[in-house]
Amino acid sequence: MNILITGATSGIGKQVAMDYASEGHTVIACGRNTDVLAELEQRFPNNIAAQRLDVSDADQTQQALAVYTDVDLVILSAGVCEYVDIDRFEAAMFERVFEVNVFGMMRCVEALLPNLKAGSKLVFVGSTARLLPFTRAEAYGGSKAAIQYIARSLQVDLEPKGIQVLTVSPGFVETPMTDANDFEMPMRVSVEFASDRIRKGIRKGTTDITFPTVFGWFLKLMSRLPQSWQVALSKRMA
Ligand SMILES: NC(=O)c1ccc[n+]([C@@H]2O[C@H](COP(=O)([O-])OP(=O)(O)OC[C@H]3O[C@@H](n4cnc5c(N)ncnc54)[C@H](OP(=O)(O)O)[C@@H]3O)[C@@H](O)[C@H]2O)c1
C-alpha cells in the first residue's frame, strides 16, 4: 500500500509510520520536524519518503499534498492539545487548537481528496475526549467532537465514491502529548499498542477504532447518560 501519514514525526503517527514501513509498505511521512523526517528516511530508506508539512499553512499544505496521486490510505494524525485555564479564558487558544486539529485536517482532505480512488481509506485520528465534558478540555475535546462529526458526514458522502472513512478514538497513549499532562491518566497504553490497534482496525475496516477497549466502552456508555449526569460525573473526576 501507499500510505500517507500526517503527524508522522512523533507519538502515534510516528509509530504507525514505522510499523507500516517495517511491514514493507511505502509511507509518505509528513510533519514539520525536519530532523525526525530525515531520521525516518535514514532508518527506512526503501519505505519512507519524508514530506515537510505545516497543516496550519493552507498554501503549503495544498502544494505539498496535491502531488500524491496514488495513495491507498491516508491517516491524519497531526494534532495539538492545550487545556483551558478558566480564570484566564483565552479565545486565541481555541483558534490554535482548532487550527491544527480541525482546519489543518480539512486542508489535508482538500488537497488529497481529488486524487483518492475507490477502495482507498481516509482515517481521522480523533479522541475519546470527545465523549464526555472533561474538565479544562473545552478546546481540545471540542475540536475532537468536531472532527468526529465531520468524519461521520464524510462517511455518508464518500461512500458512493468507494472511499471508506474511519475514525480513531484513542484513550491515553504514552506520547510527548500526554507526557506534558500533570494529571492521572487511567489505562494509558504504549504507542506500540496504539499502533497495533490502529493498524488492525484499519485492516478490518472498523468505523471507529476505539482503545483501550474497556476504557472506550466505559466512556461510550457514559456519553449516553443524560447531560446533567455527564456533568456530575466529570465534576467527580476533575
Ligand atoms: N496521546 C494521546 O493520549 C492521544 C489520545 C487521544 C488522541 N490523540 C490524538 O492522536 C494524534 C497524535 O497525538 P500524539 O499523542 O502522537 O501527539 P504528539 O506526539 O505530540 O505528535 C503530534 C504530531 O502532530 C504534528 N503536528 C502538530 N502541529 C502540526 C502542524 N501545524 N503541522 C503539521 N504537523 C503538526 C507533530 O509534528 P511536527 O511537530 O513535526 O509538526 C507531531 O508529529 C493527535 O491528533 C491527538 O489529538 C492522542
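Atoms within each ligand, like the ligands themselves, are counted from 1 in listed order.
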Polar contacts were defined as any N/O atom of the residue lying under 3.5 Å from an N/O atom of the ligand; does this apply to [X] and ligand 1?
| X | result |
| --- | --- |
| Gly13 | no |
| Pro170 | no |
| Ile12 | yes |

May I ask you to list the atoms of ligand 1 that are less than 4.0 angstrom from any heavy atom of [X]?
| X | answer |
| --- | --- |
| Ser77 | 11 (C), 12 (C), 44 (C), 45 (O) |
| Tyr140 | 6 (C), 7 (C), 8 (N), 9 (C), 46 (C), 47 (O) |
| Thr178 | 1 (N), 2 (C), 3 (O) |
| Gly126 | 6 (C), 7 (C), 8 (N), 9 (C) |
| Phe172 | 3 (O) |
| Ser127 | 6 (C), 7 (C) |
| Gly171 | 3 (O), 4 (C), 5 (C), 6 (C) |
| Gly11 | 16 (O), 19 (O) |

To the closest 0.5 Å, what do you measure between CG (Asp72) and NZ (Lys117)?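 It is 8.0 Å, given to the nearest 0.5 Å.
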
Ser120 OG to Ile3 CD1 distance, which is reported to the nearest 0.5 Å: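 Ser120 OG to Ile3 CD1: 12.5 Å, rounded to 0.5 Å.
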
Aromatic contact, Phe134 with Phe183 (centres under 6.0 Å):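 Here the rings of Phe183 and Phe134 have centres that are no less than 6.0 Å from each other.
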
Among all protein heavy atoms, pick the one closest to [atom] and tell me residue, atom and distance.
| atom | value |
| --- | --- |
| atom 32 (N) of ligand 1 | Val55 N, 2.9 Å |
| atom 26 (N) of ligand 1 | Ala78 CB, 3.9 Å |
| atom 10 (O) of ligand 1 | Val125 CG1, 3.3 Å |
| atom 38 (P) of ligand 1 | Thr9 OG1, 3.3 Å |
| atom 19 (O) of ligand 1 | Ser10 OG, 2.6 Å |
| atom 31 (N) of ligand 1 | Asp54 OD1, 3.0 Å |
| atom 33 (C) of ligand 1 | Leu53 O, 3.2 Å |
| atom 23 (C) of ligand 1 | Gly7 CA, 3.8 Å |

Examine ligand 1 and decide if any of its atoms is less than 4.0 Å from a heavy atom belonging to [X].
| X | result |
| --- | --- |
| Cys81 | no |
| Pro176 | yes |
| Glu174 | no |
| Ser169 | no |

Spell out, as yes or no, whether a donor-acceptor pair under 3.5 Å connects the side chain of Arg130 to the backbone of Gly141.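 No; zero donor-acceptor contacts below 3.5 Å.
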
Between [X] and [Y], does any side-chain donor sit less than 3.5 Å from a side-chain acceptor?
| X | Y | value |
| --- | --- | --- |
| Gln148 | Thr167 | yes |
| Gln15 | Asp19 | yes |
| Arg197 | Thr213 | yes |

Side-chain polar contacts of residues 30-41 - donor-acceptor pairs under 3.5 angstrom, sequence neighbours left out - could you list them?
residue: Asn33; atom: OD1; partner: Asp35; partner atom: N; Å: 3.1
residue: Asn33; atom: OD1; partner: Val36; partner atom: N; Å: 3.2
residue: Glu41; atom: OE2; partner: Ala50; partner atom: N; Å: 2.9

With a 4.0 Å heavy-atom cut-off (strictly under), which part of Arg188 contacts ligand 1: side chain, backbone, both or neither?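 The answer is neither; Arg188 stays 4.0 Å or more away.
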
Taking every non-hydrogen atom, the tightest pair across Ile202 and Lys121: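 Ile202 and Lys121 have their closest heavy atoms at O-NZ, 2.6 Å.
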
Output a table of donor-acceptor pairs, distance under 3.5 Å, between side-chain atoms of residues 108-116 and any protein atom two or more places apart or on a different chain; print 'none' if there are none.
residue: Asn115; atom: ND2; partner: Ala66; partner atom: O; Å: 3.1

Starting from Leu154, can I reach Val168 by hopping between I/L/V/M/F/W/Y residues whose side chains sit under 4.5 Å apart?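 Cluster IDs for Val168 and Leu154 differ.
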
Quick one: are Leu131 and Arg224 in side-chain contact, heavy atoms under 4.5 Å?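 The answer is no; the side chains never approach within 4.5 Å.
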
Taking the side chain as everything from C-beta on, heavy atoms only, tell me whether Leu73 gets closer than 4.5 Å to Tyr20.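 Heavy-atom side-chain distance check passes, below 4.5 Å.
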
Would you call Asp54 and Arg107 a salt bridge, using N to O less than 4.0 angstrom?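 Judged by the 4.0 Å cut-off on N to carboxylate O distance, Asp54 and Arg107 do not form a salt bridge.
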
